[in-house]
Amino acid sequence: MEVRTRFAPSPTGFMHLGGLRTALYNYLFARQNGGKFILRIEDTDQERYVEGATEVIYDTLRGCGMQWDEGPDVGGDYGPYIQSQRKDLYMPYAKKLVETGHAYYCFCTECELKERRAAAEAKGLVFKYDKHCLGLTKEEVDRRLAEGQPFVIRQNAPTEGTTSYTDLVYGEMSFPNDTLDDMVLIKADGMPTYNFANVIDDHLMGITHVMRGAEYLSSTPKYNLLYEAFGWEVPQYIHLPSVMRDAHHKLSKRDGDAYYSDYVDKGYLTEALINYLALVGWNPGDDREFFTMDELVQAFDVHRLNKAPGIFDVDKLTWFNAEYIRRMDFDAYLAKVTPWFDQVFAGKKMDYHRLAELMHDRTEVFNRVPDMVRFLCTLPDYEAELFTHKKMKTNPDVARTALLLCQPVLEGIAEEDWNETELHDRLMAAITDSGMKNGQVFWPLRIALSGQASTPGGAIEIAYLLGKEESLCRLQKGLEKLA
RNA sequence: GGCCCCGUGGUCAAGUGGCCUAAGACACCGCCCUUUCACGGCGGCUACUCGGGUUCGAAUCCCGACGGGGUCACCA
């Protein structure tokens with residue numbers, strides 16, 4: 001039988017990282033089994049409609065390299081793939097369930113329910129719908145329906161026995177039926193609830209493997225009861241451990257760490273994000289860490305999925321990102337880093353190409369680039385103590401001597417000869433003649449030129465990037481600090 | 001609180017009864033390389049939640065405790 005998986009996000013306008021990982025696993029599983037990956041939009045909550053939200057889903061998935069085989073925009077034999085467009089399809093199924101006694105009309109208002117819930121909680125009890133309306137006679141129900149009273153349709157869950165299923169990662173799951181609530185299947189607005197639409201659609205769309213977050217583990221028995229009531233085959237379940245920010249919190253909107261776009265905006269590469277995300281909750285069983293999408297398709301194995309929640313470690317992601325950046329073609333890197341350079345150098349003269357060469361393997365996340373190169377634009381305020389460096393054997397006196405040594409050398413280089421080779425050769429020659437150590441000259445020079453302890457590139461590269469005039473000016477300022 | 005799940009270093013994790021005096025990676029620390037930083041190389045730190053069993057033998061199996069997470073909506 002052909003494997004069919006699905007990703008069924010609700011259009012909120014953002015792609016949650018946990019959701020993205022769910023999509024990824026669904027995609028990988030479908031691909032590696034030569035099956036189909038289906039995209040379905042779950043927008044049964046009309047109050048939550050967000051403009052442009054489906055485009056966010058499309059763009060993210062495509063941007064990450066996960067092309068769906070069937071979905072709203074690409075079509076397929078099981079459409080429509082947007083739940084609100086399937087609206088009329090659910091009611092008949094619900095009515096069928098009412099006929100067979102697996103569901104019933106309920107006229108309790110939200111307000112009444114709220115009161116009963118509050119009363120139960122006041123007594124320290126868990127509120128569970130008490131099947132109040134199950135006792136209504138057929139005539140009573142018909143009368144109220146005829147009167148046009150608002151209603152919902154509820155599942156009639158058994159109160160005795162247990163419901164069990166096998167999850168491919170969590171194994172045997174068993175739940176006492178008396179803990180199952182009679183969930184609403186059709187809402188008062190006529191729309192199905194997520195719970196109901198999900199079951200109907202998964203069946204109608206021929207989904208064979210349902211992969212979703214572990215938060216559905218305990219509502220799954222209620223879905224199974226529905227499948228059984230219809231006489232439908234229950235799909236294979238593959239519940240995924242959740243992705244956490246730390247031991248106590250899930251990734252959340254509040255902290256700006258939950259959405260795909262948060263990371264892209266910061267300058268994380270999609271490939272790095274996907275690669276790392278794949279590894280939270282799953283591992284290939286060997287020491288490999290770097291995977292292309294195709295390699296993931298090959299390596300992915302449901303049986304190597306973990307059960308325990310995983311913490312999303314931004315440090316590790318950052319390391320992956322830095323590695324991916326280092327592996328980029330130089331031209332690709334240059335193109336990618338240019339807008340970040342622009343934030344600092346807009347309208348100013350700067351050799352982006354050379355700067356990019358220096359920054360390429362020092363870039364961990366693109367949004368850190370501006371701060372790293374800003375000193376080239378404006379000399380930071382710095383303390384004269386910076387000139388003293390034990391290992392380089394420098395102190396204020398040495399530094400002053402070094403700068404005094406460099407000054408005429410730099411002055412002696414013609415504007416048109418201002419390049420790194422010339423700078424290097426002349427500086428080295430002067431250092432050799434002076435009998436000083438390289439570090440004793442280069443350290444103070446670099447401090448004077450940059451005003452900071454660490455920089456991308458050394459004194460020569462910085463002098464080149466700064467140009468003759470600016471270099472000499474900064475050198476002079478250094479001498480003043482040392483006076 | 002009821003129900004369900006989970007529990008190896010700070011984090012991701014390998015491990016499915018003897019190969020475990022417990023791998024690898026990130027982070028951290030030290031050294032080397034070096035005109036700084038980074039890269040790279042080398043080395044180090046840190047873990048089987050606890051208590052009972054079962055067994056010749058347990059990180060691995062069972063029970064309990066503790067800890068953590070999830071779920072209990074006319075949200076998805």
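Below, chains carry the letters A, B, ... as their sequence lines are ordered, and counting in each starts from 1.
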Quiz prompt | Strand contacts (RNA chain B) in residues 447-459 of chain A, 4.0 angstrom heavy-atom criterion | solution = A:A453, A:S454, A:T455, A:G457, A:G458, A:A459

Quiz item: Quick one, which residues of residues 353-362 of chain A touch RNA chain B with a heavy atom under 4.0 Å?
Solution: A:D361, A:R362

Does [N] have OP1 or OP2 under 4.0 Å away from a side-chain N or O of [X]?
| X | N | answer |
| --- | --- | --- |
| A:T44 | B:A76 | yes |
| A:K187 | B:A73 | no |
| A:H389 | B:U36 | no |

Residues forming a salt bridge (charged side-chain N to carboxylate O under 4.0 Å, His left out) with [X], sequence neighbours excluded:
| X | result |
| --- | --- |
| A:R86 | A:D201 |
| A:R326 | A:E323 |
| A:D381 | none |

Between N or O atoms, less than 3.5 Å apart, protein on one side and nucleotides 61-63 of chain B on the other: list the pairs.
none

Quiz item: Does a side chain donor of either A:K222 or A:N195 reach within less than 3.5 Å of an acceptor in the other side chain?
Solution: no

Exercise. Taking ring pair (Phe, Tyr, Trp, His ring centres under 6.0 Å) as the test, write out the residues that go with A:F341, two or more places apart.
Key: A:Y352

With 3.5 Å as the limit, what N/O pairs link the protein to nucleotides 8-14 of chain B?
residue : atom : partner : partner atom : Å
B:C12   : OP1  : A:I311  : N            : 3.4
B:C12   : O2'  : A:L279  : O            : 3.2
B:A13   : OP1  : A:G281  : N            : 2.5
B:A13   : O3'  : A:N283  : ND2          : 2.9
B:A14   : OP1  : A:N283  : ND2          : 2.3
B:A14   : O3'  : A:R304  : NH2          : 3.3

Identify whether NZ of Lys or CZ of Arg in [X] sits under 6.0 Å from the centre of the six-membered ring of [Y] and within 45° of that ring's axis.
| X | Y | result |
| --- | --- | --- |
| A:K481 | A:Y382 | yes |
| A:R117 | A:Y129 | no |
| A:K336 | A:Y333 | no |
| A:R144 | A:F107 | yes |

Quiz item: So, the side chain of A:D178 versus the backbone of A:E160: is there a donor-acceptor pair under 3.5 Å, distance only?
Solution: no

Quiz item: Would you say A:H132 has more than 12 foreign heavy atoms packed within less than 6.0 Å of its NE2?
Solution: no

Practice problem: May I ask you to decide if the ring planes of A:Y276 and A:F312 are parallel, tilted or perpendicular, using 30° and 60° as cut-offs? | Solution: perpendicular

Could you list all N or O pairs between the protein and nucleotides 40-48 of chain B that sit under 3.5 Å apart?
none

Quiz item: Hey, which of these two, A:N195 or A:M173, hits RNA chain B nearer its 5' end, going by closest nucleotide?
Solution: A:M173

Quiz prompt | Nearest-nucleotide 5' precedence on RNA chain B, A:Y194 against A:K128 | solution = A:K128

Self-check item: Closest non-hydrogen atom pair between A:P192 and A:T44, with its separation
Solution: O-CB, 3.5 Å

Exercise. With heavy atoms under 4.0 Å as the rule, sort A:E110 into base, sugar-phosphate or nothing.
Key: base

Quiz item: Checking all strands, does A:H239 fall into the base, sugar-phosphate, or nothing category for heavy-atom contacts under 4.0 angstrom?
Solution: nothing

Quiz prompt | Interatomic distance at C1', B:A22 relative to B:U16, whole Å | solution = 15 Å

Practice problem: Scan residues 387-400 of chain A for pairs that pass side-chain hydrogen bond (donor to acceptor under 3.5 Å, both in side chains), counting only residues two or more places apart or in two chains. | Solution: none

Exercise. Could you note down all residue pairs passing side-chain hydrogen bond (donor to acceptor under 3.5 Å, both in side chains) where residues 308-322 of chain A supplies at least one of them, sequence neighbours left out?
Key: A:Y268-A:T318, A:E289-A:K316

Practice problem: Give every residue pair that meets the ring-ring contact (aromatic ring centres under 6.0 Å, His included) criterion with at least one member in residues 159-192 of chain A, sequence neighbours excluded. | Solution: A:Y165-A:Y237

Self-check item: Nearest-angstrom distance from the residue atom CZ of A:F127 to C1' of B:U71
Solution: 16 Å

